[in-house]
There are 2 protein chains.
Amino acid sequence: MSVTLKDVAQAARVSVSTASRALTGTGLTSERTQQRLVRIARELGYRPNPIARGLKTGQSRLVALLVHNLTNASFQVMAEVVQARLKALGYQMLLCIGGDDPQAESDTLTTLVDHRIDGLIVVPTGKNGAQLETLSKDVPIVCLVRRDDATDLETVLADDPQGAYLGTRHLIELGHKRIGLIVGRQDTTSGRERLSGYVRALREAGISRDDALIHAGHYVPETGATCARKLLDLARPPSAIFVANHEATLGVLRVTAERNIAIPDDLSLLCYEDMPWFEWHRPAISIVDNGARDLANLAVDRLLHRMDAKGNSKGNGSDGVREYRVGARLIQRDSCRRIDVPAPAKSSKSKSSSSKSSAAKSAKV
Amino acid sequence: MSVTLKDVAQAARVSVSTASRALTGTGLTSERTQQRLVRIARELGYRPNPIARGLKTGQSRLVALLVHNLTNASFQVMAEVVQARLKALGYQMLLCIGGDDPQAESDTLTTLVDHRIDGLIVVPTGKNGAQLETLSKDVPIVCLVRRDDATDLETVLADDPQGAYLGTRHLIELGHKRIGLIVGRQDTTSGRERLSGYVRALREAGISRDDALIHAGHYVPETGATCARKLLDLARPPSAIFVANHEATLGVLRVTAERNIAIPDDLSLLCYEDMPWFEWHRPAISIVDNGARDLANLAVDRLLHRMDAKGNSKGNGSDGVREYRVGARLIQRDSCRRIDVPAPAKSSKSKSSSSKSSAAKSAKV
DNA sequence: AAGCTCTATGCAAACGTTTGCATAAATGGC
DNA sequence: GCCATTTATGCAAACGTTTGCATAGAGCTT
């Protein structure tokens, strides 16, 4: 059907081996025949069959990216980045959607290695550590966004503690003292880390933590709405809300709209992770950018490094680093506002104590 | 490294051929050996090597989906649907992002057939018709969402004329007479078709077409904003805007927010294609759903049909139908409002003018 | 000019399957 | 109990590459 190496060899009156060597550019063939074969191959429209090649070499020029879904904006840009990078290097990306389901993840993983993928970037569910660990002996693997604690795999993570710290500090600098936090479940790393960043910023500013202001739940709009209601129903509601996830933000926005709460006049809103429409929303929503683009790029870098190392069989490509953290950064738009600072009181102490007492009071709510 | 068919055969003391036949279930082997081999294979953890198999059979169990991007919500759900369907059948989806760029599309296509994909669902750019046509001789292809006029390929399309008609009629039924349309470029099929549906609904209602109300442009937020401004700046601005694309909707929303135009009180807004946050937005945005889910499912159906036909070499699987249209449907939420019908006035004219003047007023803000 | 090293080529095996053909064993009809 | 049929198995070729080994010249060194 399609033109094979044999055809090229015949046309050039050389053996298949020479043809192969000439076209793969091993340098084991004379300049002349090399060029001649390249020319003939082009004329005949020869395209090497990756399957046959794969059978012999054990490689497929396929690299898989396994993410939870495609609705998450971060995963979208990651997929696009990974695809672009890989394509430039002659790899095809195999994009798989695991739905954050351990069973699906496990199935997909076996199918992928069956297909002899050359590398894998995976956002692990965290439930298939053993399998991942085993597979990593055959194929280079880099974990992305989440760490699977059961493994020693190289992992590229967002710097959630820092991001949450950055966001919270920003709100504090704007004068906010009562900052609501809607955060992910505490059995996830990101949930815990974002909370910790928030807490650290508060502590640093001498603001005592008020658990009534902290709500944890799934990363879905419903959670955002529920938590927002709880926060706004407080006797002393927060002047700012930090939503540690973009899905939950949807719920918060709905509630504020329903209650006619103006952002940022009545309430400042800061969100973790970007969505394309955030900057088109009025007010444009300020965010802490988790650096999805950088994360993806770094993951690809590390994977390529490992793949390369494997090819040259110089170790497993580990550079001794197990974990990479990609910095988050604050993107200020229009959803956070400086809070009115009353005329400077005479005693700086009274001010701070007042702020503290108010915090203490609110803790009772 | 991994356990091969030969290993299984040896363990069972049969030849590789028998092993192969037993495990692929050809029925050419005795019940007993069949079961015995299946058992042994499982015990040994045998997994057939799809590459070796592919070399022999010319199949890869890989099906590609080539879309423009992943930011478009429709493409997201399509990708998820296709992946789910294929996975259930033991295929791996190869998701590729072409960026609506003819060159990238062309490159990707050749890579894909090099990899001997078993089938392809593609959203064509429309510039590689010849190539697609050629490839379709080797591999079953179904076009999705867009038709490539240079080809005769089976194509699954949204029923844009009907969708636009449905949406426009809805607005008309709510009493709107001046309906702005922000639509795609007229050199795209969808742009033309959506316009035609709009025009048909107007004509049917006896409303004469006003070209000042119709704006065409790229499917990006900027376009939406620009067009919205033009519409609202009209001496007699529309009482409703039908945005024939979700990206453009972002721009429209920004403008209405900037100008303090209340939706749906001052202006009704209807959008083509859904986005996850539309129902969380306040007001929740009414849409014409293009049926992305149905489109994807139908495309998969058709592709499987063709693949099947090819396998059994009973023709090319064409059932004589070249084009499938998947119906659109209206999803009413809260962004469209019945226009005030004052107590049946003697002159219906005064009514429409009053509502219009209010819109005109807000447009000046 | 003999011996040597290089360089360029070819032969053939291998990668892990599937499959046509041949054959051996089992079955059945008489 | 013999031939014809069916059923189960094995052998070996094939799919399109890559690659170790062998070899034939070509070019140097003496």
Side-chain angles (χ1 to χ4, degrees), chain A residues 1-38 40-41 44-62 90 113-118 138 311-313, chain B residues 1-38 40-41 44-62 90 113-118 138 311-313:
Chain A
M1 181 156 72
S2 60
V3 33
T4 118
L5 195 53
K6 200 162 133 195
D7 301 331
V8 179
Q10 257 160 13
R13 317 202 146 277
V14 295
S15 72
V16 235
S17 356
T18 328
S20 170
R21 285 190 269 251
L23 295 179
T24 45
T26 49
L28 291 171
T29 132
S30 81
E31 192 78 1
R32 244 171 55 81
T33 36
Q34 149 107 350
Q35 293 181 350
R36 197 162 62 94
L37 275 160
V38 170
I40 297 187
L44 261 50
Y46 168 71
R47 311 230 77 223
N49 180 336
I51 305 213
R53 177 177 288 173
L55 181 56
K56 186 72 214 203
T57 62
Q59 321 218 297
S60 58
R61 309 243 48 150
L62 252 35
V113 295
D114 280 354
H115 277 282
R116 300 296 188 274
I117 50 169
D118 291 347
D138 288 345
N312 306 332
S313 60
Chain B
M1 182 156 73
S2 58
V3 34
T4 119
L5 194 53
K6 199 161 132 195
D7 301 332
V8 179
Q10 257 160 15
R13 315 201 150 277
V14 295
S15 73
V16 238
S17 356
T18 331
S20 170
R21 285 189 268 253
L23 295 179
T24 45
T26 49
L28 291 171
T29 132
S30 80
E31 192 76 2
R32 244 171 55 80
T33 36
Q34 149 107 348
Q35 293 182 350
R36 196 161 62 93
L37 275 161
V38 169
I40 297 187
L44 261 51
Y46 167 73
R47 312 229 75 223
N49 180 336
I51 305 213
R53 176 178 289 174
L55 181 56
K56 186 71 213 200
T57 61
Q59 319 219 297
S60 58
R61 310 243 47 149
L62 252 34
V113 295
D114 281 354
H115 277 282
R116 301 296 188 275
I117 49 168
D118 291 346
D138 287 346
N312 306 332
S313 60

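Every chain is numbered from 1 and lettered A, B, ... according to where its sequence line falls, protein lines coming before strand lines. Just so you know, these numbers come straight off a predicted model, no measurement behind them.
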Tell me: CD1 of A:I51 to P of C:dT17, nearest whole Å?
14 Å
Check every strand shown and say whether B:P48 touches a base, only sugar-phosphate, or nothing at a heavy-atom separation below 4.0 Å.
sugar-phosphate
Nearest-0.5 Å distance that lies between atom CG in A:N49 and atom OG1 in A:T4:
9.0 Å
Give the nucleotide from the list D:dT9, D:dT17, D:dG10 with an atom nearest to the side chain of B:T29.
D:dT9
Among the nucleotides D:dC15, D:dG10, D:dT17, whichever has the atom closest to the side chain of B:K56 is D:dC15
Counting any heavy atom closer than 4.0 Å, what does B:S17 reach on the DNA or RNA strands: base, sugar-phosphate only, or nothing?
base
Criterion side-chain contact (heavy atoms from CB on, under 4.5 Å) on B:L62 and B:D118, from CA distance to verdict:
CA-CA 6 Å; B:L62 252 34; B:D118 291 346; 5.9 Å; no
Return yes if some donor-acceptor pair links the side-chain N/O of A:R21 with the main-chain N/O of A:A19 below 3.5 Å, else return no.
no
Taking for each residue the nucleotide of DNA chain D bearing the nearest heavy atom, is the 5' side occupied by B:A52 or by B:L28?
B:L28
Do the side-chain N and O atoms of B:S2 and A:R116 include a donor-acceptor pair separated by under 3.5 angstrom?
yes
Need one value for A:T26: base, sugar-phosphate or nothing, where a base atom within 4.0 Å counts as base even if backbone is also close, heavy atoms only.
nothing
Should B:T18 be listed as having a side-chain N or O under 4.0 Å from OP1 or OP2 of D:dT9?
no
Tell me whether B:R36 contacts the main-chain N or O of B:A12 through its side chain, where contact means a donor paired with an acceptor under 3.5 Å.
yes
Just the rounded figure in Å: distance from C1' of D:dT9 to CZ of B:R36.
12 Å
Short side-chain N/O contact from A:R53 to OP1 or OP2 of D:dT18, under 4.0 Å
yes
With a 4.0 Å limit, can you tell me whether A:T57 has a side-chain N or O closer than that to the phosphate oxygens OP1/OP2 of C:dC15?
no
Nearest-Å distance, NZ (A:K6) to P (C:dA12)?
14 Å
A:D7 atom CG is separated from D:dT17 atom P, nearest whole Å, by 9 Å
Using whole Å, what does the distance between atom C1' of nucleotide D:dT9 and atom CD of B:Q10 come to?
17 Å
Is any side-chain N or O of B:S20 closer than 4.0 Å to OP1 or OP2 of C:dT18?
yes
Return the CD1 to OG distance between A:I117 and A:S60, rounded to the nearest 0.5 Å.
7.0 Å
Within the pair B:T33 and D:dT9, is there a side-chain N or O less than 4.0 Å away from OP1 or OP2?
yes
Whole Å only: how far is the CG atom of B:L5 from the P atom of C:dC15?
13 Å
Where do N or O atoms of nucleotides 21-26 of chain D meet protein N or O atoms at under 3.5 Å, pair by pair?
none

When rounded to the nearest 0.5 Å, the distance separating OG1 of B:T24 from CZ of B:R53 is 7.0 Å
Is it the case that the side chains of A:S20 and A:S17 hold a donor-acceptor pair, with the cut-off being a distance below 3.5 Å and no angle test?
no
For DNA chain D, whose closest nucleotide is more 5', that of B:R13 or that of A:N49?
B:R13
For atom CZ of A:R32 and atom P of C:dT7, their distance in whole Å
18 Å
Starting at CG of B:L55 and ending at P of D:dT18, how long is that distance when rounded to a whole Å?
12 Å
